[in-house]
There are 2 protein chains.
Amino acid sequence: MDSNEGGAPTGSQDAMPVLSSPIMQRFSFENGHHAQRMAAVCPSVSSKGFMTNFATPVYIALLAVMLVLPSPAADWISKVHEFPLIKQMNGSSNDYFTNSRESMMCFPHPESPRLSSYASDHLQLCSGNGHYEIASHQERTTPDAGACHCYGCFSGKHCEHLNSDCDLNIFHGDPTLFEEYWLTQPDAPTIIPSWQGLSYFAHRHNSYLFVDSFLEQTIRQLHGMIGNAVTEGRFLVLGVGSTQLYQAALYALTSPDSPTPTSVVSAIPHYSSFEGVTRFLDSRRFKWIGDAEKFRDSGTSEPYIELVTSPNNPCGSMNKAVVNGNGSVINDLAYYWPHYTPITAPADYPIMLWTLSKITGHAGTRLGWAIVEDEKIATKMAFFVQMNTLGVSQDAQARGVTLLRSITSSYNTRPERQPFFHLSQAVLEDRWARMSQALQNSSRFVLPEFEPASCSFFGRAFQPNPPFMWLKCKVDEDCAQLLKDHKIISRGGRAFGVSTQYVRVSMLDRRPLFDLLLSRLAALH
Amino acid sequence: MDSNEGGAPTGSQDAMPVLSSPIMQRFSFENGHHAQRMAAVCPSVSSKGFMTNFATPVYIALLAVMLVLPSPAADWISKVHEFPLIKQMNGSSNDYFTNSRESMMCFPHPESPRLSSYASDHLQLCSGNGHYEIASHQERTTPDAGACHCYGCFSGKHCEHLNSDCDLNIFHGDPTLFEEYWLTQPDAPTIIPSWQGLSYFAHRHNSYLFVDSFLEQTIRQLHGMIGNAVTEGRFLVLGVGSTQLYQAALYALTSPDSPTPTSVVSAIPHYSSFEGVTRFLDSRRFKWIGDAEKFRDSGTSEPYIELVTSPNNPCGSMNKAVVNGNGSVINDLAYYWPHYTPITAPADYPIMLWTLSKITGHAGTRLGWAIVEDEKIATKMAFFVQMNTLGVSQDAQARGVTLLRSITSSYNTRPERQPFFHLSQAVLEDRWARMSQALQNSSRFVLPEFEPASCSFFGRAFQPNPPFMWLKCKVDEDCAQLLKDHKIISRGGRAFGVSTQYVRVSMLDRRPLFDLLLSRLAALH
């Protein structure tokens, strides 16, 4: 396997080549050593505020095109604006920052007739600041049903009180933002009869005994609809989240017979869990090295595995492999979906990791998949999953089918369905705009900036709205400690292989907690 | 941790001490070296046929007590006999061997009004030899709904044809036997609304963030009802099946700082996956050694971890640790449930592994748990699960709650519920009786034999009905190959650390496949 091949998308002729889009050119790491080092820390960070760039003539022109032309994108956007349920949210006490995008910030209103009775209870009885707690969904009539379980920072019978002294914990990237969307989809429950899924093996399985072929078909259809991955002729391996599949790939790409462990590298800032997950098995097959650029610059010819997360966690850039040697590349594409970033071409790499968590928000389901070019590698990965956990829960697979089909069918002609990616993109875009506006004149933080790119799925250009905002403190100080002093528990730069001057802030928390984050960061001026 | 402590149950005063029951005395490995070696190959194998022992005066006396006295056990058994739905199965063409127990061999009849329409379709349309296949349970109205997907060896539109030339694959211990029970429980579906379980973290979690506290409560209640484990003051760690928890325990009991890897041992015949699962990670922390008695006899004082599966897979005996040194013990208690074996006392070991798979049959759910004495060990195991798979699917946990509560509630006073363990024990007992009867005069095989013991849960004595029959060929030949020549794909002795003269035969397959196994083995006279 050659990392050059891995790094160079070879999408269909019709699709826009990745490198021709402005954003990909910016992140192509091909402008000399100094630029590469800057890029590794975070290619999208500059000393300019986000909003300056946001208002560039190019983006204004693209917005104008988007709003004027009768494109599918304009259709969807206008529908988002038209949602009467969303409009009712205007002027809510949770709107810390009002702007013209306000009407897009939330999923439908609690009084929507679309909501199930539970969802309605959830939003109305608990003020949108907590779960309406029941012992189990089948036991709503039991005496312990009907109490609110408030999110952190909220209290009271109806979660109506905000505890302003609380610690706001956004250490994890828990994608609970999407809960509000699913509360409006009462027709998407997963119903599993008691007699279903007893066997270790999927009833209708694909080439790997544990994988439901109907789920595989659903996943391939979704990638086809979005256009974000080449799947034809590729093998699909299922895992208990992409975390397990990352380990499966390390296993598949290494050998017990190798004289020394294979080096595992990733350009900084890299996903914070890579190091821990690589180390904890204490395997003789591989060893964590870290910074891929340092590894490249050392001139070693050792075998290696490079991890590339694109869009990057934490910094949102569209990364590519940097080592370009005779090693292997694992491409983590968890966030390469149109609510986070423009889809510029189908990703086409030898090993691509994906996860339900960051598409629909169902991290708790623990369902990930790998799209793998080489059958031998795929078979070894499936073997790892078999030995490690004897396959993936059939219930998680059933849930995956229901949820993924719900979002693909939200793009069919049924008018009662709301288009998932468009709605989610609008909500994320609104969050980014509000956060950027709030911090644009900050004396404390340097904000990331992104350039727009044309998205083949939306048929329009927009700026990425990554799941995390990667902040840099203007003063060289421990930025996570600064936030902690102001009651925001975030993840500091060290975990990502860079200095403490950086900090990662989640954009994916539930609405009232995001609003609280926004108000606390804004107060840090 | 001391394996002596691990091996000596310290149940409550009210419960019968483990060593006082005849079966436990038989398997106590305290009668000298020769007996121990015999025991290790399989303590329950003798040259006598099972039926000889089955008809011992002791057992007849116990049966008489059971049938005459108005004990709870007699109540249940009489109820089993009274099930009108079961009685309708008498004389079915699938009854290869008729005997007085025939009426207990199957779960309720396809025409039962208790069955859901799907279950009824399943049994009627596919002749009980296949699944009534639908694309998804929510899509019964789609054009591709309604075809039978036949089990191996069956074909035809209604799976009405038995292909007598087929290979019967019982290599795995897939617990599909229980499907028929669940088809009679239309009130036990798991319904998961789309907005539930998005977070990585359980909504109401126990001390470990990923574990649903309601599931923990359900598991503790079940163990309390059955009386098969000490849970008070112990910690509960959840895993993706007990396979993952076995790896988590190896991780928790070892250190990266140890100068040499810790030896992992298990008395032969041991569970066939232990070796592969221990080896595949290529960890520096531990190494597979194998036969625990050889390890003990080598007189080494190295640190070690001993694995004890009890009832044993493959041979059904109630094993205890054999090394008795200063090492750690992991007790795999997957089969210590009353449908398989008499519950003689609550198990009380430092690390006990359990799995939903072998209780309710839902192997596909991938839900296991460990009951752990030492909080530090439990925390390390939970850390392993976090690093390995970021927790356990919340959907699998929801399913676990529904299924386990369904079987506990089958013991409440609601007359429409059927008592799960009693029904299942009767079905397994019937299978053992039929298999033993068919092979009692076999010139080919030595059958295992078991002595009855008093079960505190059933309030009566019975013989174990293990999930596997561990056969020994009378002639020193490759017993699995012999079976393969007769179109039975089984698992040979080598995988369990013993000679090819032994073979493991699953007793847990679906009814028509078990019947086929029975007829093929019987034809091997």
Side-chain angles (χ1 to χ4, degrees), chain A residues 116 118-119 131 135-138 149 172 174-176 178-179 182-183 185 188-201 203-204 214 240-241 243-244 247 256 276-277 280-285 361-366 387-396 399 401-403 406, chain B residues 116 118-119 131 135-138 149 172 174-176 178-179 182-183 185 188-201 203-204 214 240-241 243-244 247 256 276-277 280-285 361-366 387-396 399 401-403 406:
Chain A
S116 65
Y118 176 89
H131 277 101
S136 118
H137 45 81
Q138 281 121 326
H149 180 81
H172 302 280
D174 213 15
T176 45
F178 299 101
E179 244 172 31
W182 292 107
L183 280 164
Q185 307 296 317
T190 304
I191 302 164
I192 309 174
S194 61
W195 43 262
Q196 185 174 293
L198 275 84
S199 176
Y200 288 104
F201 310 112
H203 169 39
R204 293 205 289 189
F214 193 57
V240 184
T243 301
Q244 186 189 42
Q247 294 158 67
V277 173
F280 92 107
L281 293 171
D282 286 311
S283 177
R284 287 184 195 87
R285 289 171 167 251
H362 292 81
T365 290
R366 311 307 310 123
M387 297 304 278
N388 189 205
T389 56
L390 258 169
V392 177
S393 171
Q394 298 296 328
D395 307 308
R399 192 106 196 270
V401 167
T402 307
L403 296 167
S406 174
Chain B
S116 64
Y118 176 88
H131 277 100
S136 122
H137 44 82
Q138 280 121 325
H149 181 82
H172 302 280
D174 213 14
T176 45
F178 299 102
E179 245 172 31
W182 293 107
L183 280 164
Q185 307 295 318
T190 304
I191 302 164
I192 309 175
S194 61
W195 42 263
Q196 186 173 293
L198 275 84
S199 176
Y200 289 103
F201 310 112
H203 170 39
R204 292 204 290 189
F214 192 58
V240 184
T243 301
Q244 187 190 40
Q247 294 159 67
V277 173
F280 92 107
L281 293 171
D282 285 311
S283 178
R284 288 185 195 86
R285 289 172 167 252
H362 292 81
T365 291
R366 310 309 308 124
M387 297 303 278
N388 189 205
T389 56
L390 259 169
V392 177
S393 172
Q394 298 295 328
D395 307 308
R399 191 106 197 269
V401 168
T402 307
L403 296 166
S406 174

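No hydrogens, no waters, no symmetry mates; every other heavy atom, side chains included, goes into these values. Sequence lines set the chain letters: A, B, ... in the order given, protein chains first and strands last, and positions in each chain run from 1.
When every heavy atom of B:Gln196 is checked against every heavy atom of A:Arg399, the shortest pair comes out as O-NH2, 2.8 Å.
Among the candidates B:Pro175, B:Pro256, B:Gly241, B:Ser283, the residue making the largest number of heavy-atom pairs closer than 4.5 Å to chain A is B:Ser283. By number of non-hydrogen pairs under 4.5 angstrom with chain A, the leading residue of B:Gly361, B:Ser393, B:Gly197 is B:Ser393. Of all the listed residues (A:Thr365, A:Leu281, A:Thr243), the one sharing the greatest number of non-hydrogen pairs under 4.5 Å with chain B is A:Thr365.
Every residue two or more places apart in sequence or in another chain that forms a side-chain hydrogen bond (donor to acceptor under 3.5 Å, both in side chains) with B:Thr389 is listed here: B:Gln244. Evaluation of the side-chain hydrogen bond (donor to acceptor under 3.5 Å, both in side chains) rule for B:Ser199 yields A:Asp174 as partners, not counting sequence neighbours.
Heavy-atom distances place the side chain of A:Leu403, and not its backbone, under 4.5 Å from chain B. Contacts between A:Arg284 and chain B at a heavy-atom distance below 4.5 Å involve backbone atoms as well as side-chain atoms.
Residues A:Arg366 and B:Arg366 are not in side-chain contact: their nearest non-hydrogen atoms beyond the backbone lie 4.5 Å or more apart.
A side-chain donor-acceptor contact under 3.5 Å links A:Gln247 to the backbone of B:Asn388.
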